[in-house]
Amino acid sequence: MQEKNDRIKEIYYELLDFYGPQGWWPGETRLEVIVGAILTQNVSWKNVEKSIINLKKEGLLNINSLLNIEDEKLYTLIKSSGYFRQKAKRLKDFLRFINDNYGRIEEMINDRNIREKILNVKGIGKETADSILLYALDLPFFVVDTYTLRIFKRMGLIEDINLKSYEEIRIMVENSLDRNVKDLKEFHALLVEHGKKYCKKEPLCDKCPINKKCRKNI
DNA sequence: AGCCAGGACTGAG
DNA sequence: CTCAGTCATGGC
């Protein structure tokens, strides 16, 4: 176990050394991070950028405006992010959750059970929840995504990919990086960057600069 | 022309 | 609980 922790920290510094700091999350405000986190579900970030720009251009990137906007109008603004009907609802549901229970986004930071409560909002799964906690609220949670699972599996750090391995990895990484928010932010960003370049589903990479003995078994 | 992208929910078995 | 089906656009 301690062995895995050391290996994880090692991987983090190798990636950091190779790619350099990524400076995530790309977003100017906490709300923008939250909106981006929901919109980027199973969609490339490029698609989301357009939606964010649309919202900004219309001056709608604030909780009140987004809560009161017509569904049809929201659809057209976020259409590029795909699943626009679902995502419009998820956005509103989550903003309503904030409004009703906290009023301001900052108030969520002090809630001891914030992860649990966020996960209870429909449309917010583990990855989206942890993205919001880490990048919008600056809380020490690690974000596990498909790249992370794939990379860690090819590294030989986990056997299977399922919801249990998600929690396993999340806890391991949080411990390995001493719950340091800056490092947790950077590590996830680096894994995404590395995933896009060298650890995609297809084709299987045979010249990974980080993982010399890649298992390529997914 | 498919396949995949910074997922999550639902219903079936 | 595991898992296919569903949701949808854009880029390569």
Side-chain angles (χ1 to χ4, degrees), chain A residues 12 15 19 21-28 30-55 71-97 115-137 141-154 158-170 173 183-205 216 218:
Chain A
Y12 170 54
L15 289 171
Y19 294 102
Q22 302 296 304
W24 272 28
W25 187 287
E28 298 172 353
R30 297 185 195 276
L31 178 63
E32 189 175 332
V33 175
I34 290 172
V35 171
I38 292 174
L39 291 183
T40 200
Q41 289 172 353
N42 202 37
V43 147
S44 74
W45 180 252
K46 268 288 180 193
N47 293 31
V48 178
E49 286 180 317
K50 298 175 188 168
S51 303
I52 304 259
I53 289 173
N54 287 340
L55 293 171
D71 285 336
E72 295 297 332
K73 172 149 193 193
L74 188 50
Y75 292 163
T76 67
L77 294 172
I78 67 172
K79 189 161 67 67
S80 66
S81 300
Y83 313 102
F84 53 85
R85 294 186 194 83
Q86 276 190 7
K87 287 178 178 176
K89 175 166 169 41
R90 289 179 182 180
L91 260 182
K92 285 191 173 183
D93 284 349
F94 190 68
L95 296 181
R96 196 168 298 116
F97 161 80
R115 183 169 195 266
E116 194 180 308
K117 290 183 184 170
I118 283 183
L119 282 171
N120 276 330
V121 181
K122 208 171 286 181
I124 309 297
K126 290 173 186 290
E127 184 179 343
T128 307
D130 290 329
S131 296
I132 291 170
L133 293 169
L134 178 61
Y135 293 104
L137 303 183
F141 291 90
F142 180 66
V143 181
V144 178
D145 67 340
T146 52
Y147 285 129
T148 309
L149 294 169
R150 190 183 305 149
I151 292 168
F152 275 46
K153 181 164 182 186
R154 292 185 187 178
I158 54 170
E159 291 309 313
D160 301 306
I161 289 182
N162 50 43
L163 286 185
K164 207 175 95 194
S165 57
Y166 183 108
E167 289 299 316
E168 228 172 83
I169 292 181
R170 183 175 71 77
V173 174
D183 290 330
L184 291 169
K185 285 182 177 179
E186 201 55 65
F187 194 18
H188 171 64
L190 286 165
L191 285 166
V192 172
E193 182 61 19
H194 179 60
K196 286 198 238 187
K197 279 212 166 91
Y198 292 104
C199 214
K200 297 173 78 74
K201 239 175 164 177
E202 303 288 350
L204 289 172
C205 178
K216 300 177 190 164
I218 169 166

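In what follows, every heavy atom counts, from backbone to side chain, and hydrogens, waters and symmetry copies are set aside.
Taking atom C1' on both nucleotides, C/dA8 is separated from B/dA5 by 12 Å, rounded to a whole Å.
In the model, A/Asp145 has no side-chain atom that pairs as donor or acceptor with a side-chain atom of A/Tyr166 under 3.5 Å.
Rounded to whole angstrom, the span from the NE2 atom of A/His194 across to the C1' atom of B/dG6 amounts to 15 Å. Protein atom CD1 of A/Ile53 is 14 Å distant from nucleotide atom P of C/dG10, rounded to whole Å. Distance NZ (A/Lys87) to C1' (B/dG6): 10 Å, rounded to an integer number of Å. Rounded to an integer number of Å, the gap from A/Lys126 NZ to B/dG6 C1' is 18 Å. Separating the CD1 atom of A/Ile118 from the P atom of B/dG7 is a distance of 18 Å, rounded to the nearest angstrom. One interatomic measurement links the two molecules: CD1 of A/Ile124 to P of B/dA8, which rounds to 8 Å at whole-angstrom precision. Spacing between atom NZ of A/Lys200 and atom P of B/dC3 amounts to 15 Å, rounded to whole angstrom units.
Considering only the side chain of A/Phe84, C/dT9 comes nearest among B/dA8, B/dA5, C/dT9. Checking B/dG6, C/dT9, C/dA8 against the side-chain heavy atoms of A/Ser80 singles out C/dT9 as nearest. Closest approach to the A/Gln86 side chain among B/dA8, C/dC7, B/dG6 is made by C/dC7 (side chain taken as heavy atoms from C-beta onward). Considering only the side chain of A/Arg150, B/dA5 comes nearest among B/dA8, B/dA5, C/dC7.
At least one side-chain nitrogen or oxygen of A/Thr146 sits closer than 4.0 Å to the OP1 or OP2 atom of B/dG7. Using a 4.0 Å cut-off, some side-chain N or O of A/Lys122 falls inside it from OP1 or OP2 of B/dT10. Proximity of A/Thr40 to the phosphate of B/dA5: no side-chain N or O atom is located under 4.0 Å from OP1 or OP2. For the pair A/Arg85 and B/dC9, the criterion of a side-chain N or O lying under 4.0 Å from OP1 or OP2 is not met.
Between the side-chain ring of A/Trp45 and the base of B/dA5, no stacking contact exists by the 5.5 Å and 30° definition. The aromatic ring of A/Tyr83 is not stacked on the base of B/dA8, since the criterion of ring centres less than 5.5 Å apart with planes inclined by under 30° is not met.
Separation of the A/Tyr147 and A/His194 ring centroids does not fall under the 6.0 Å cut-off.
Judged by closest nucleotide on DNA chain C, A/Asn42 is the one of A/Lys50 and A/Asn42 placed further toward the 5' end.
Distance alone, capped at 3.5 Å, places no donor-acceptor pair between the A/Thr40 side chain and the A/Ala37 backbone. In this structure a side-chain-to-backbone donor-acceptor pair under 3.5 Å is present from A/Asn54 to A/Leu77.
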If you apply the rule side chain to side chain contact (heavy atoms under 4.5 Å, CB included), what do you find for A/Phe94 with A/Ile118, and how did you get there? CA-CA 8 Å; A/Phe94 190 68; A/Ile118 283 183; 4.0 Å; yes
